[in-house]
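Letters A, B, ... mirror the listed sequences (proteins, then strands); counts begin at 1.
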Amino acid sequence: MSRTHVSQGDSCDVLVIGGGNAALCAAMSAAEAGARVILLESSPKAFRGGNSRHTRNLRFLHRKPTPYLQGAYLEEEFWDDLVLVTGGKTTEALARLVIRGSEDVGAWMEAHGAKFQPPLRGTLHLARTNAHFLGGGKALVNAYYATAARLGVEIRYEAEAVDLEIENGRFRAALVREQGGERRIAAAACVCAAGGFQADLAWLKEIWGEAAERFVIRGSPYDTGRVLRTLLARGAKAVGDPRQCHAVAVDGRAPRYDGGIVTRLDCIPFGIVVNREGKRFYDEGENFWPKRYAIWGRLVAGQPGQEAFCLIDAKALSLFMPSVFPPLEGRTIGELARRFGLPVRAVEETVAAFNRAVRPGNFDPASLDDCRTESLEPPKSHWARPLDTPPFYGYPLRPGITFTYLGVGVDETAHVLGEDGRPFENLFAAGEIMSGNILGQGYMAGFGMTIGTVFGRIAGREAARHVRG
Amino acid sequence: MSGGEPLREAERVMTICNACRYCEGFCAVFPAMELRRTFTAADLRYLANLCHNCRGCWYACQYAPPHEFAVNVPRALAELRRASWRGFARPKGLAGLFTRNGRTVGAAGLIAAAVFLLWAAFSAADGLWVRQEGAGAFYRMIPYGAMVGVFSALALAALGALGAGLISFLRQTGTRTREFFALKNQRRGLLDALRLTYLEGGGHGCNYPDERFRHGRRRLHHLVFYGFLAALASTTVAAFYDHGLGLPAPYPWGSLPVLLGLGGGLAMTAGLAGLLYLKARMDREPADEGGRGMELGFLGLLLAVNVTGLLLLFLRATAAMGLLLALHLAAVAAFFALLPYSKFVHALYRWAALVKNAAEQSAAERDPAG
Ligand SMILES: Cc1cc2nc3c(=O)[nH]c(=O)nc-3n(C[C@H](O)[C@H](O)[C@H](O)COP(=O)(O)OP(=O)(O)OC[C@H]3O[C@@H](n4cnc5c(N)ncnc54)[C@H](O)[C@@H]3O)c2cc1C
Ligand code: SF4
Ligand code: SF4
C-alpha cells in the first residue's frame with residue numbers, strides 16, 4: 001500500500017461541505033449569486049442528503065393559508081412556541097432571524113423544485129404550522145440536487161472533507177478524501193453544512209461511555225461530525241450542550257443506522273414500560289405523547305443494558321400508529337416475558353401491582369383522562385387501564401438518537417465565530433452544525449429544516465458576496 | 001388464488017410504508033393502506049391493482065435499496081398485480097396464458113395472421129391481390145356471414161371471461177357487490193379512472209420515464225384510451241349503418257365511422273408509439289421485469305391493430321386491400337381472443353379497484369374514527 005498522497009486538486013469560489021438540506025440551500029443560493037460552487041457529499045449518491053433525507057416537513061411563518069398550509073402562523077406565536085420547547089435556551093436575535101427569514105419560504109422552495117402536499121391522516125395537528133414535503137425529505141433532496149446541478153453546482157459524491165486549512169481567521173482550502181486519495185480543494189469561501197456528530201460512535205462513547213454501544217442512530221451514518229470537530233479544533237466557538245442529544249425510544253430491532261421515521265414506537269402511553277429486571281421506571285402517561293416522545297430515549301438509555309420493553313394488551317393494539325416490526329405476543333404476561341427473556345416472576349408481579357393500582361375512569365386517548373394509578377411508584381397519570389385482555393403484546397425499546405446539540409457559534413450573516421467572538425472572514429455554517437445557537441435544548445417539529453433552509457440561504461448568499469464583492 | 005412470494009413481499013413493503021406514510025400524497029394506495037393495520041391477501045391484491053405505477057414513491061423512498069429495508073413499492077405491487085391477474089382469470093384453465101404472456105400474444109398474432117391470410121386467399125373470388133371497389137368490397141375478400149360470426153363469437157367469449165374475471169376480483173379482494181355497484185361509488189371510481197387522477201402525482205405528474213415529474217405518460221395514455229373508445233364507437237356506428245341502414249362498408253372519407261376510426265386510430269398509434277418510446281427509456285429498477293413480455297406484447301398487438309387498420313383505410317382502393325384486410329382482421333381477432341388474458345385486464349381491475357377505493361374512502365370520510 002502506498003501512502004495516500006495529496007494531489008493539488010481544483011479550486012472554486014464557494015466550497016460547500018455537506019450534502020443535506022442546509023448544504024443544498026447554500027449551494028443553490030451561492031450559484032444563483034454567480035459563484036462557482038463545488039459541493040462535497042461524503043456519502044455515495046444512493047444515500048445522499050444526510051438526515052434531511054429522513055425528514056417530512058418544515059415549519060414556516062405565513063400570513064395566509066396556502067394550498068398545503070392552513071390559516072396563519074405569525075412571528076409571536078412562532079417565537080412563543082420556540083421559547084416553550086427550549087425553555088428559553090435560544091439566542092433571540094438569531095432565532096427571530098430564522099423565524100422572519102422563514103416567511104413564505106415555501107414559495108422559494110417550490111421555485112427550487114420542492115413539492116408540498118396537505119397533510120392527510122396522522123399529522124393533522126401540524127396542518128397549520130408545518131408544510132409537508134410530497135414524498136418526504138428524500139424527494140425534496142432529489143429535487144434540490146437536480147436544481148443545483150442545473151445551476152452549475154459541481155456535485156461530488158463520496159468526497160469527505162477531512163481537514164480545513166485556516167490561517168489568521170481565513171479559510172484557504174479543504175483536504176478532501178475522494179476516490180482513494182486525498183486532494184486539496186482551495187476556495188475563496190467555505191460553507192460548512194455537514195450536520196451533527198451523532199453517527200460518530202467513538203465521540204458518543206466519550207460522552208456516554210460503553211452505553212453508547214447500544215444506541216440506535218436514527219439518521220445517516222455519514223453524519224460523523226468530522227467538520228464540526230475540525231472547526232472546534234481550529235478555534236471556532238462551541239455552542240450548545242456537548243453532552244446532550246435528542247433521543248427517542250425506538251424499536252430495539254431497528255437497524256444500527258438510517259432506520260429513520262419507521263422505527264419509532266407510539267405505544268408507551270397505552271401500556272407499561274419495564275426494564276430488563278421487569279420493573280417500571282417512569283410515568284408512561286405523564287402527558288400527551290408528542291410532548292413526551294423525546295424524553296423516552298434518555299429514560300431508556302438510563303436503564304440497565306440501555307433497553308426496555310413496552311407491554312400492552314389486546315385493548316391497546318390499535319390505538320397507535322402501526323409499527324414496522326410486529327410486536328411479540330403471548331397468551332399470558334408470563335409467556336410474553338419469556339419471549340423477551342425477561343424474569344417472568346418479576347414481570348408478573350409488576351403487572352399485577354400495576355393492575356391493582358389502576359383506578360376506574362373514562363378512557364379517552366384524546367384528552368388527559370382520569371384513568372390513573374393510585375399509590376403506585378412510579379405512577380401512571382393518564383390512560384392507565386389494567387393489562388388484562390389477552391393476547392398480550394410487547395415491543396423492545398432502545399434509545400434512538402436523532403441529532404446532537406453541540407455546534408459552532410455563528411453571527412447573523414452565518415459567519416462562523418471564533419472563540420473570541422470574532423467572525424472568521426470567509427467561513428460560514430448552516431444547518432445542524434449551528435442549530436445549537438437557536439435550539440439550546442428540546443425540539444420543535446419541522447424546525448431543524450427551517451434553520452437549515454434560512455441559514456443555508458444566508459450562508460450561500462454571504463459566501464458569494466464575499467467572493468464577488 | 002395465487003401469489004405466494006409476491007404476496008409476502010407486498011405485505012413486507014406495505015408494513016414498512018404504513019409505519020412511514022411519507023408518500024401518502026402521491027396516489028390512492030397509501031391512503032387506502034392507512035385504513036388498515038395489517039394486510040390480508042385480499043387487501044394486498046386490492047392495493048396492487050389500485051397502484052398506477054407512477055413511481056413517485058420509488059424515487060422518494062428513503063428505504064429504497066441499497067438501504068437494508070430494500071423498499072421498492074412499484075415493483076412489489078406490479079409483481080403482485082400480475083400474479084393476481086392470473087388468479088382472477090376465468091376459466092381457470094386459461095390462467096396459464098398469463099405466464100410468458102408476451103410469447104402467447106406473439107404466437108396468437110402469428111396464428112391469426114396465417115389463418116386469415118389463408119382464408120382470404122381461398123375465399124376471395126378473384127384472388128387476394130386484386131383491386132376491389134364499391135359497397136361490399138371487403139366481403140368479397142372474406143364473406144360477410146363468416147366475418148360477423150367469428151367476431152361475434154370472439155367478442156362474446158371475451159366479455160364473458162372479463163365478467164367472470166370481475167366476479168373473481170370482487171371475491172378475491174373482499175369487495176362487497178352492493179358496495180361495488182352503488183351508483184355514487186361507481187361515479188367517483190369511474191371519474192378517477194377516466195381522468196387517471198392517480199397518475200397526476202398530486203398535480204405534478206408521474207416520475208416516468210425517470211426521476212423528473214412529467215405529465216407525458218398520462219397524456220399518452222389518454223390518447224390510447226380515448227382513441228380506443230373512438231375506434232369502438234366507429235365499429236358500433238359501422239355496425240348500425242350495415243345492419244340498421246343496410247349500408248355495407250367501406251364508407252366514404254367524410255362518414256362518421258371513418259372519421260371516428262381515423263381519429264381513434266391516429267390517436268392510439270401516436271399514444272402507443274409514445275408509450276413504447278418511454279418504456280424503452282424508463283428506469284428499470286422499479287419495473288417488474290417479469291411483466292415486460294406482457295406489456296410489450298399488449299402494446300405491440302394494439303399497435304398492429306391500428307397500423308394495419310390505418311393502412312387499410314389509406315390503401316383500400318389498391319390491390320393491397322385484400323392482404324391488409326386479412327392482416328387487420330387477424331390482429332383484431334388476436335386482440336379480442338386474448339383480451340381477458342392480456343394486459344388489457346389492467347383497465348378492468350384498475351377501474352374495479354378505484355370503485356372499491358371510492359367506497360372505502362367515502363365510508364372513512366363519513367366516520368373518520370371508524
Ligand atoms: C428520522 C428523522 C426525522 C426527522 N424529521 C424532521 C422533520 O420532519 N422536519 C425537520 O425539520 N427536521 C427533522 N429532522 C431533523 C433534520 O433531519 C435535521 O434538522 C436536518 O436534516 C439537518 O440538515 P443539515 O443539512 O444540517 O444536515 P444533514 O441533512 O444531516 O446533512 C449533513 C450532510 O453532510 C454530509 N457530511 C457529513 N460529514 C461530511 C464531510 N466530512 N464531508 C462531506 N460531507 C459530509 C452528510 O453526508 C450529509 O449529507 C429529522 C431527523 C431524523 C433523524
Ligand atoms: S415508499 Fe418508502 S418513503 Fe414512501 S411511504 Fe413507503 S417506506 Fe415511506
Ligand atoms: S407507484 Fe405511484 S401509484 Fe403506485 S404506489 Fe407508488 S406512488 Fe402510488
Side-chain angles (χ1 to χ4, degrees), chain A residues 44-47 49 51-57 67-68 110 113-124 132-143 145-146 219-221 251 254-266 317-326 365-366, chain B residues 11-39 54-71 73-74 200-207 210-214 283 285 361 364-365 368-370:
Chain A
K45 185 175 177 193
F47 291 116
N51 277 5
S52 304
R53 190 163 63 89
H54 287 292
T55 63
R56 164 174 232 172
N57 55 43
Y68 44 83
E110 284 180 293
K115 295 180 170 57
F116 293 102
Q117 59 151 100
L120 300 175
R121 296 189 181 92
T123 45
L124 286 172
H132 290 64
F133 315 135
L134 180 69
K138 183 167 173 196
L140 175 76
V141 162
N142 287 346
Y145 271 100
S220 170
D251 195 303
R256 187 65 204 261
Y257 294 101
D258 249 345
I261 194 75
V262 298
T263 63
R264 80 182 172 322
L265 283 169
D266 301 333
L317 190 63
S318 59
L319 295 174
F320 50 92
M321 273 276 287
S323 58
V324 69
F325 300 107
Chain B
E11 182 185 18
R12 186 187 76 84
V13 163
M14 281 291 109
T15 303
I16 297 174
C17 289
N18 210 16
C20 169
R21 304 186 171 187
Y22 279 15
C23 292
E24 65 180 7
F26 283 122
C27 68
V29 172
F30 296 94
M33 165 196 86
E34 289 172 17
L35 295 175
R36 297 159 167 82
R37 286 188 78 81
T38 51
F39 303 96
C54 80
R55 301 168 158 216
C57 66
W58 160 252
Y59 296 100
C61 185
Q62 56 196 317
Y63 303 114
H67 191 284
E68 63 181 279
F69 286 171
V71 173
V73 178
E200 281 177 8
H204 308 285
C206 51
N207 298 90
D210 56 24
E211 185 189 308
R212 261 181 59 193
F213 287 85
R214 290 182 175 94
D283 287 346
E285 262 184 293
Q361 291 297 344
E365 283 156 22

Side-chain heavy atoms of [X] within contact of [Y], under 4.5 Å:
X         : Y         : value
Arg21(B)  : Pro322(A) : yes
Phe47(A)  : His67(B)  : yes
His132(A) : Glu24(B)  : no

Exercise. Between Arg53(A), Gln117(A), Arg264(A), Lys115(A), which shows the greatest number of heavy-atom pairs under 4.5 Å with chain B?
Worked result: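 With the most close heavy-atom pairs to chain B, the winner is Lys115(A).
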Problem set entry | Residue among Gly137(A), Gly259(A), Pro118(A) with most heavy-atom pairs under 4.5 Å to chain B |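 Option with the top pair count is Gly259(A).
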Of all the heavy-atom pairs spanning [X] and [Y], show the shortest one and how long it is.
X         : Y         : result
Leu134(A) : His204(B) : CD2-CD2, 3.6 Å
Ala60(B)  : Gly135(A) : CB-O, 3.4 Å
Phe69(B)  : Val262(A) : CE1-CG2, 3.6 Å
Ala19(B)  : Ser323(A) : CB-C, 4.0 Å

Backbone of [Y] reached by a side-chain donor or acceptor of [X] within 3.5 Å:
X         : Y         : result
Tyr22(B)  : His54(A)  : yes
Tyr63(B)  : Asp258(A) : no
Arg212(B) : Ala146(A) : no
Asn142(A) : Tyr59(B)  : yes

Checking [X] against chain A: side chain, backbone, both or neither under 4.5 Å from a heavy atom?
X        : value
Gln62(B) : both
Phe30(B) : neither
Cys17(B) : neither
Cys57(B) : neither

For this session: Please report the C-alpha distance between Glu68(B) and Tyr257(A) in whole Å, then the side-chain angles of each, then the deciding distance to 0.1 Å, and finally whether the side-chain contact (heavy atoms from CB on, under 4.5 Å) criterion is met.
Result: CA-CA 10 Å; Glu68(B) 63 181 279; Tyr257(A) 294 101; over 6 Å; no
Counting only heavy atoms closer than 4.5 Å, note whether [X] contacts chain B via side chain, backbone, both or neither.
X         : answer
Tyr145(A) : neither
Ser220(A) : neither
Ser318(A) : both

Exercise. Given the options Cys23(B), Ala64(B), Pro66(B), Gly201(B), which has more heavy-atom pairs under 4.5 Å with chain A than any of the others?
Worked result: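 Ranked by heavy-atom pairs under 4.5 Å with chain A, first place is Pro66(B).
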